> 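Below is a structure I'd like to ask you about.
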Amino acid sequence: MVTFKNIPFSKFRVIVYTSTDATDRPFKPVTINATDYCGPIFDGTGGITGKGSDKWGKSSTGTTGFALKEGVNYVVSDVLEPQGNEKSLTVKCNQGSFTTAQARGCIAAIQIVEVTAEVKGIYTREAGSSGDWSAAKWTKDGTASTVWTNATGTVPTYAQIDVANAQSLALTTDVSATSVAVFGTGDLALTGSGALQTSFFDATKLNGTLTLGTTGLLTTVVDTGADATVALETTADRTYSSAFLLRGAGKFKKIGAGTATIATPSCPILLDAGGLTLTGAASSKVTSLVGTTLTVNGAMTVTAETQIAGKLIKNGSGDLSVSNVGNVADVTVAGGRLNFTATSDGKLGNVTMETGTTLNASSAGINVTIPGTLTLKNSTTVILDAGDQWNNGDLTVTGGIAISGEATIKGSFYGNGTVVSVGSGKTISGTGTLTLTKNGGENRWEVAAPIAGDLKVVKA
């Protein structure tokens with residue numbers, strides 16, 4: 001089996017050449033992605049419709065009587081598109097049960113050919129023409145001033161938009177296209193109340209910003225190049241289909257006051273305004289501005305590329321992993337753990353641990369420093385010893401600790417005590433109980449902070 005990744009074409013055909021070591025041996029079918037291909041005369045039980053006029057596998061070890069011939073010793077696929085996030089293609093010989101004796105399965109070469117002019121139904125937008133998407137501003141298969149016609153299950157349409165400077169296209173009604181490609185040096189904004197439905201949006205050759213500001217639902221994969229930025233604009237809260245996926249080497253920017261809920265992009269994220277909810281684990285390449293809220297429903301690692309000036313909410317399973325790099329101004333952990341993988345020197349601001357969550361030091365001796373406030377809700381746990389009874393880290397919260405309900409801090413107490421401290425003039429306060437537990441030996445807890453309110457502190 002041969003797997004290709006990062007195929008640079010939005011549409012292509014695959015040609016697979018076969019060979020063998022003996023004259024006139026039948027071949028097994030060739031599987032391209034999930035489809036089997038062979039010649040029209042196949043000595044097996046695969047039930048496969050082939051192309052050509054001769055026996056599939058009619059072969060020679062070198063004589064000139066058996067030149068390359070489709071359906072005999074090579075096959076040509078249908079028009080294909082890259083598969084999944086990795087834009088992949090898989091080619092293999094079918095190893096299923098076929099009745100032909102001594103059937104061979106030798107792939108000699110694989111050719112991937114970009115499909116361009118042979119595809120009919122190409123609509124090219126006239127240069128610099130803004131306005132209604134559906135207006136007669138398209139050139140279709142060489143005919144100018146053509147009205148856009150939506151794709152159907154049997155009639156494909158392909159939109160090609162060459163942008164210069166700043167252009168805007170309004171979707172006043174729903175638009176359906178087999179694929180859309182935008183390229184050139186400039187910016188393109190899609191606006192209006194219509195929905196854009198297409199399986200693939202190619203922005204790999206765009207040097208500019210593509211703004212998706214339609215109020216309808218976009219169901220598409222958007223592929224970006226290194227010079228492209230995709231801006232998603234939401235003025236109200238919107239949840240996008242899981243089929244809406246941003247990927248590639250470009251950048252993603254969320255604008256507008258609303259909150260957008262999307263599948264996690266594979267490209268760097270800038271949260272410029274409003275809110276952004278990611279349905280899965282997040283990349284560390286995130287920047288957000290003050291006043292924004294990023295919600296991650298999965299794991300995330302804070303690295304030097306993480307610069308969050310707004311609020312970060314961690315939901316779902318998996319860790320929010322932090323060390324001494326990156327910056328997050330305000331963190332709420334509502335699911336999973338807040339896991340410190342190295343001594344923190346204050347890279348987190350205010351931290352709120354919601355009910356049932358855990359703040360964890362992943363190894364012995366890690367000191368946790370929080371320059372803002374730490375809020376521990378009911379049934380929260382802070383683990384500072386990493387299971388090591390000899391060593392532990394200290395907890396320093398400059399802005400003070402607030403506890404509501406039952407909270408536990410766990411440390412080790414044979415070799416050294418665990419110190420919990422707050423900043424000058426700050427307190428550990430609350431209305432519940434803070435339990436300080438040990439991992440063997442004498443309980444050497446040191447709480448270097450005044451206790452305020454009705455909070456009860458006990459050692460166990």
Side-chain angles (χ1 to χ4, degrees), residues 5-10 81-88 159 161 163 169 171 175 177-183 187-191 195-235 237-256 258-289 292-301 305-308 312:
K5 295 182 179 180
N6 297 316
I7 295 174
F9 310 135
S10 60
E81 296 179 357
Q83 301 291 299
N85 289 340
E86 295 181 328
K87 298 188 290 184
S88 64
I161 305 170
V163 298
L169 291 179
L171 280 69
V175 170
T178 307
S179 68
V180 179
V182 56
F183 47 90
D187 302 327
L188 175 65
L190 298 184
T191 64
L196 175 61
Q197 298 179 355
T198 180
S199 60
F200 187 64
F201 203 125
D202 184 357
T204 57
K205 295 180 176 62
L206 174 65
N207 186 347
T209 298
L210 169 64
T211 300
L212 303 177
T214 58
T215 56
L217 184 66
L218 292 93
T219 55
T220 181
V221 173
V222 181
D223 225 349
T224 61
D227 297 319
T229 297
V230 175
L232 185 64
E233 183 175 16
T234 56
T235 55
D237 295 352
R238 291 181 56 194
T239 298
Y240 291 78
S241 163
S242 60
F244 179 67
L245 181 62
L246 297 159
R247 66 186 188 187
K251 299 178 180 65
F252 165 64
K253 180 166 68 173
K254 161 62 182 61
I255 59 178
T259 295
T261 300
I262 63 171
T264 303
S266 61
C267 46
I269 296 172
L270 169 60
L271 179 51
D272 187 79
L276 178 64
T277 298
L278 306 180
T279 60
S283 164
S284 59
K285 298 179 180 181
V286 179
T287 301
S288 76
L289 303 185
T292 62
T293 299
L294 172 66
T295 302
V296 178
N297 293 317
M300 179 178 178
T301 298
E305 296 179 296
T306 309
Q307 301 293 328
I308 297 178
L312 171 63

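Because the structure is predicted, anything quoted here is derived from the model rather than measured. The figures that follow rest on heavy atoms only: side chains count, while hydrogens, waters and symmetry mates do not.
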> Dump the intermediate steps for side chain to side chain contact (heavy atoms under 4.5 Å, CB included) on Leu276 and Leu278, then the final yes or no.
CA-CA 7 Å; Leu276 178 64; Leu278 306 180; 3.9 Å; yes
> Is any side-chain heavy atom of Val182 closer than 4.5 Å to one of Phe201?
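Yes. Closest side-chain heavy atoms under 4.5 Å.
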> Working to the nearest 0.5 angstrom, can you tell me the gap between Thr229 OG1 and Asp187 CG?
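One gets 9.0 Å once the value is rounded to the nearest 0.5 Å.
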> Counting N and O atoms only, with roles assigned by atom type, does the side chain of Thr198 sit under 3.5 Å from a partner on the main chain of Ala177, one being a donor and the other an acceptor?
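Judged by distance alone, yes, a pair lies under 3.5 Å.
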> Measure the shortest side-chain to side-chain distance between Thr295 and Asn297 over non-hydrogen atoms and say whether it is less than 4.5 angstrom.
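Yes - at least one pair of side-chain heavy atoms lies under 4.5 Å apart.
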> I need the minimum non-hydrogen distance between Ala299 and Val296, along with the two atoms involved.
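That closest heavy-atom pairing would be O-CG1, 4.1 Å.
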> Do Val286 and Leu312 make a side-chain contact, defined as non-hydrogen atoms from C-beta onward lying under 4.5 Å apart?
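Of all side-chain heavy-atom pairs linking Leu312 with Val286, none is under 4.5 Å.
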> Just distance, no hydrogens or angles: give the donor-acceptor pairs under 3.5 Å from side chains in residues 237-251, sequence neighbours left out.
{"from": "Asp237", "atom 1": "OD1", "to": "Thr259", "atom 2": "N", "distance (Å)": "2.9"}
{"from": "Arg238", "atom 1": "NH1", "to": "Thr214", "atom 2": "O", "distance (Å)": "2.7"}
{"from": "Arg238", "atom 1": "NH1", "to": "Tyr240", "atom 2": "OH", "distance (Å)": "2.9"}
{"from": "Arg238", "atom 1": "NH2", "to": "Gly216", "atom 2": "O", "distance (Å)": "2.3"}
{"from": "Ser241", "atom 1": "OG", "to": "Ala243", "atom 2": "N", "distance (Å)": "3.0"}
{"from": "Arg247", "atom 1": "NE", "to": "Asp223", "atom 2": "OD1", "distance (Å)": "3.4"}
{"from": "Arg247", "atom 1": "NH1", "to": "Gly84", "atom 2": "O", "distance (Å)": "2.2"}

> Hey, is the main chain of Gly256 close enough, under 3.5 Å, to the side chain of Thr235 for a donor-acceptor pair?
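No, Thr235 side chain to Gly256 backbone: no donor-acceptor pair under 3.5 Å.
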> Within a strict 4.5 Å, meaning less than it, do heavy atoms of the Leu212 and Leu196 side chains meet?
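Not touching, per the 4.5 Å side-chain cut-off.
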> Once you round to the nearest 0.5 Å, how far does CG of Leu210 lie from CG of Asp202?
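The distance works out to 11.0 Å.
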> Quick one: do the Lys254 and Ser288 side chains pair a donor with an acceptor below 3.5 Å?
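Lys254 vs Ser288: no donor-acceptor pair found between side chains.
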> Which pair of non-hydrogen atoms, one from Pro82 and one from Phe9, has the smallest distance, and what is that distance?
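Nearest pair, atom of Pro82 first, then Phe9: CG-O, 3.1 Å.
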> Tell me the closest heavy-atom pair linking Ala203 and Ala228, and the distance in Å.
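Scanning both residues, the minimum pair turns out to be O-CB, 3.5 Å.
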> Mind listing the side-chain donor-acceptor pairs of residues 260-268 below 3.5 Å, one per line with the distance, residues two or more places apart or on another chain?
{"from": "Thr264", "atom 1": "OG1", "to": "Gly280", "atom 2": "N", "distance (Å)": "3.3"}
{"from": "Thr264", "atom 1": "OG1", "to": "Gly280", "atom 2": "O", "distance (Å)": "3.3"}
{"from": "Thr264", "atom 1": "OG1", "to": "Ala281", "atom 2": "O", "distance (Å)": "3.1"}

> Just by modelled atom types, is the Phe200 backbone N or O under 3.5 Å from a matching donor or acceptor in the Ser179 side chain?
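Looks like no, no N/O pair under 3.5 Å.
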